[in-house]
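This report concerns only the one structure given below.
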Amino acid sequence: MTDNTDYVLGPAIADWEVLKKPLAVDPVTFEIIRHKLAAINEEQALALKAVSVSPIVAGAGDFNNALFTADGRLASMGPQVVFHSGAMPVILRHVMADFADEEFAEGDMYIVNDPYKGTVHHPDVSIMAPLFFQGRLVAWAGVTAHQVDMGGMAVGSVSVRATEKQQEGLMMPPMRIVEKGKLRKDIWRMIMNMPRQPQMVGLDLSGFIASNVVARDRLTELMEQYGADTVLTVMEELIRYSERKTREHLQTLPDGEVRTCGYLDHDGRENKVYRTDVRIIKKGDRLTIDMSDSSPQASGYINCTEGCLVGAIFGGVAPLLGSGIPWNQGILNSIEVIAPKGLICNAIAPAATGAATIGQGWVITLTTAHAISKLLALSEESRKHSQGVTHGTMAALFTGDTNQHGEPFGNQLIDAQVGGGGANPFADGLDQTGCFVSPRPHIPNIEYNEIHSPMLFLYRSFFPDTGGDGEQRGGRAAGTAWTPHGVERLRCSLTSHGVEVPISYGQFGGFPGVCSNAMIIHESDIRSKYAQGELPLKLEDVLAPIDLDKLGGQPQVLAAKQDELPLFPGDIVQYTWQGGGGYGDPLQRAPEAVAADVAAGYISARRALDVYGVVPGEDTGKTGSRRKRMRQHRLANAHPPSRTSGNQRGTGAPLSRFGAGLILAHTKTEELQFECECGHIFCSARDNWKDHAAYHSLESDELPAGIRLHETMELVGYLCPACGRQHSLDVKQKDAAPLHDLKITRWADREEHPAVIPAKAGTQ
């Protein structure tokens, strides 16, 4: 952390003399201890889940645990929620600062849930424990998990109405909850006084303590076997190894800037759209993520603070740039983040932050991942990790009141972790995937939810025509519906996004996945239909999966943020979330793949014809002719380029490509230029190729079913003016200039870094 408050991380400067030193322990010992540290993380998680009864922790795995160096750097983490792992070093920094005048003692543990002290948002509670060996502070253990309730104005503690942190529930700065091995009962009673389900929260926190005790005991055993200095050396070497491998990977990529803008709809008070501007500057072995052009902080509860910001960026970078690299502080050491205070991504107190993870933090992760994917697409070796956005939204549905057993009850359905996967250059996106910040996703099965909660589920299903269309297709969206059961009333609220702004962006001409969609059907006839053995569903239609003509009731379409409202027997809650983004122009998809999609029910025959230009079983010659006419129709309805480079044909030597169909080529004067695969030259690589493309803003009747746009937003396709190929499809603000999403300043040296090699025209 520097004195410049614009910096959240960095500046990130490498000491290559240190990074390139040989291992300070023999490789066999390094690998053994490295995996033993990972095993400690696994056992930490098992201890927590063995004690917890929370559907969020035990059922959905919304937690993580980690080991840290004595000065608070992340050394080894579990494979659960990356948000928490990235935030915990920020939490530890605050613990150390707040207790700087006191000595940490063996057996101490510290509890924190204040977002302005490092946590992601206040329902995420963290307990950190200093670990000692033979009287010496050698490390820290930590665990963070989402709690079913921490008080405040709404069940689940995420209140749409909140405008300042004081309204949101219990927020604890670092406090010593265990002192020299003994629980501080005064602190415990204070905490248990706030949640609506103190027994469940109490078991979770007991599980936290057990998790840290497991880490203490196993690390002590490891140090007794190998020696403390050896184990600590391996922890340092792990961080150094990850930093070196990350920086070496960065050196294989060209220098320049890539950029993506993400958007968050509704702040809980107004249906405004907030911009998350991610500008990634890559230079040598350094990655700078500049978010200075993002929107100012909101008056509602969607803001995030430093811990959430770092965790969100970690979640967007590590799965793509850190593939094959241990995830720890070494990856973060390679990044600097610029985010001035007072922005929606780095808010100033007392801004409300209840929806930080499922609001701004989620958008930061996706926008960062989308930008990183553009950078990776420039490398033949790394392009396989480039992709459309996976799982564009986290639709968090909170319920509470009294359950079917007459007990206090609260729950957050985590079903939305089953999102659609983003497509990549070589494969379609998966249907059943997690998200960037959850490498090992879990959702409770239906029976678990029904046992714990007063709910009767009607369906949990995937839907056709919901993945982003493209040369490679995004994974399908999923959704669920349920009705209160065994109770006279429930309280319910919804915090979501992407209802009027698709955020499961496609890549390089691919369409985004469908928007989120939520509805309550009041006073339906579901009980009598069930009694008659009927279930009137239309699961082929994501917009109306329940047959209202047969079921009756009054539908209420929900906004992205829905304040708490009552539910009664016969009411039905149904909601779906976003599919994955597509990759490449849909008119480039192999006709046989489109036919297979129709046969499997992934897309409808109408979608195959209207978007892909394919009639299953038809002669391929007719498909080719139809697609040619569709490209001509695109151009006929498009605006000509705002700048033109004439009707030149590409004569340069192909160097690489930017996505599926844009080629980067060397001219005779050794300059780089953008060319379409058809041979049309756009412009120099210094300029914005979109200024030299034909462009078309899709009208409402041209949008794929399920995609809705806020009145301030548009979906714009950028086309080759010669052949009509779609090279980008951008969600943008109507008054904004075309996004300059790639600037090349230096190409990586191909002899030193052979991962960047010339691309052959016609390949991907």
Side-chain angles (χ1 to χ4, degrees), residues 82 258 260-263 276 278 280 312 315-323 362-377 382-394 416-439 441 462-463 465-478 497-498 501-516 576-586 588-589 593 597 602-603 611 658-660 704 706-707 715 726-731 741 764:
V82 186
V258 291
T260 294
C261 286
Y263 300 95
T276 299
V278 173
I280 295 180
V317 172
L320 300 177
L321 190 63
S323 176
W362 207 269
V363 174
I364 291 170
T365 292
L366 303 183
T367 309
T368 301
H370 195 260
I372 289 287
S373 284
K374 293 177 183 178
L375 182 64
L376 296 175
S382 298
R383 185 173 299 133
K384 60 188 177 185
H385 298 297
S386 172
Q387 59 183 260
V389 166
T390 286
H391 189 39
T393 187
M394 182 58 180
Q417 283 203 97
V418 182
N424 63 51
F426 311 107
D428 295 335
L430 299 174
D431 290 338
Q432 275 191 126
T433 185
C435 49
F436 290 118
V437 296
S438 185
F462 293 103
F463 297 93
D465 292 342
T466 56
D469 299 304
E471 185 171 0
Q472 303 294 343
R473 176 184 46 76
R476 291 178 295 170
H497 63 270
V501 183
I503 190 64
S504 273
Y505 293 157
Q507 195 77 276
F508 304 122
F511 278 79
V514 297
C515 290
S516 302
T576 58
W577 37 94
Q578 297 192 3
Y583 196 101
D585 187 343
Q588 297 294 122
R589 186 166 177 81
D597 286 343
Y602 295 143
I603 66 173
V611 179
F658 185 48
I707 291 182
L715 188 62
Q726 185 166 273
H727 290 294
S728 188
L729 188 63
D730 292 4
V731 178
D741 57 357
Q764 1 178 4

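If you read the sequence from its start, that first residue is 1, and numbering goes on from there.
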Could you go through Ser438 and Gln417, starting from their C-alpha distance and side-chain angles, then the distance that decides it, and tell me whether this counts as side-chain hydrogen bond (donor to acceptor under 3.5 Å, both in side chains)?
CA-CA 8 Å; Ser438 185; Gln417 283 203 97; 3.1 Å; yes
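Taking the six-membered ring for Trp and the full ring otherwise, the centers of Trp577 and His391 sit at least 6.0 Å from each other.
The main-chain N or O of Gly421 is never found under 3.5 Å from a side-chain atom of Thr390 such that the two would form a donor-acceptor pair. Judged by distance alone, the side chain of Thr393 and the main-chain N or O of His497 form a donor-acceptor pair under 3.5 Å. Counting only distance, with no hydrogens or angles, the side chain of Asp597 and the backbone of Tyr602 share no donor-acceptor pair below 3.5 Å. Looking only at distances, a side-chain donor or acceptor of Thr466 sits under 3.5 Å from a matching main-chain atom of Phe463. Side chain of Gln507 to backbone of Gln387: a donor-acceptor contact under 3.5 angstrom is found. A donor-acceptor pair is defined here as one N or O able to donate and one able to accept, closer than 3.5 Å; such a pair exists between the side chain of Ser504 and the backbone of Gly392. Judged by distance alone, the side chain of Asp585 and the main-chain N or O of Gly509 form no donor-acceptor pair under 3.5 Å.
Here the side chains of Pro512 and Leu729 are in contact, with some heavy-atom distance below 4.5 Å. By the 4.5 Å heavy-atom criterion applied to side chains, Phe511 and Pro502 are not counted as neighbours. At least one side-chain heavy atom of Leu321 sits less than 4.5 Å from a side-chain heavy atom of Leu376. Under the 4.5 Å side-chain criterion, counting only non-hydrogen atoms from C-beta, Ile280 is not in contact with Lys374. Side-chain contact between Phe436 and Val82: absent, with no pair of heavy atoms (C-beta onward) separated by less than 4.5 Å. The closest side-chain heavy-atom distance from Pro704 to Asp465 is not below 4.5 Å.
Taking CD1 of Ile707 as the start and CD of Gln578 as the end, the distance is 9.0 Å to the nearest 0.5 Å. Taking NE2 of His385 as the start and CG of Leu320 as the end, the distance is 8.5 Å to the nearest 0.5 Å. Atom CG of Leu375 and atom CG of Asp741 lie 12.0 Å apart (nearest 0.5 Å). Remark: Ile603 CD1 to Asp469 CG distance equals 7.0 Å, nearest 0.5 Å.
The minimum heavy-atom distance between Cys515 and Val501, with the atom names listed, is SG-C, 4.2 Å. The two residues Ile503 and Val389 have their closest heavy-atom pair at O-CG1, 3.5 Å. What you find for Ala477 and Gly579 is that their closest heavy atoms are CB-N, 3.5 Å. Closest approach of Gly474 and Ala423 over heavy atoms only: N-CB, 4.1 Å. Scanning both residues, Tyr583 and Arg383, for their nearest heavy atoms gives OH-CG, 4.3 Å. Taking all atoms of both residues into account, the shortest heavy-atom contact from Ser373 to Ser386 is O-OG, 3.0 Å.
Scored by the ring-ring contact (aromatic ring centres under 6.0 Å, His included) test, Tyr505 finds His370 as partners (sequence neighbours excluded).
Ion pairing of Arg589 with Asp428 is present here, as a side-chain N (NZ or NE/NH1/NH2) and a carboxylate O approach within less than 4.0 Å.
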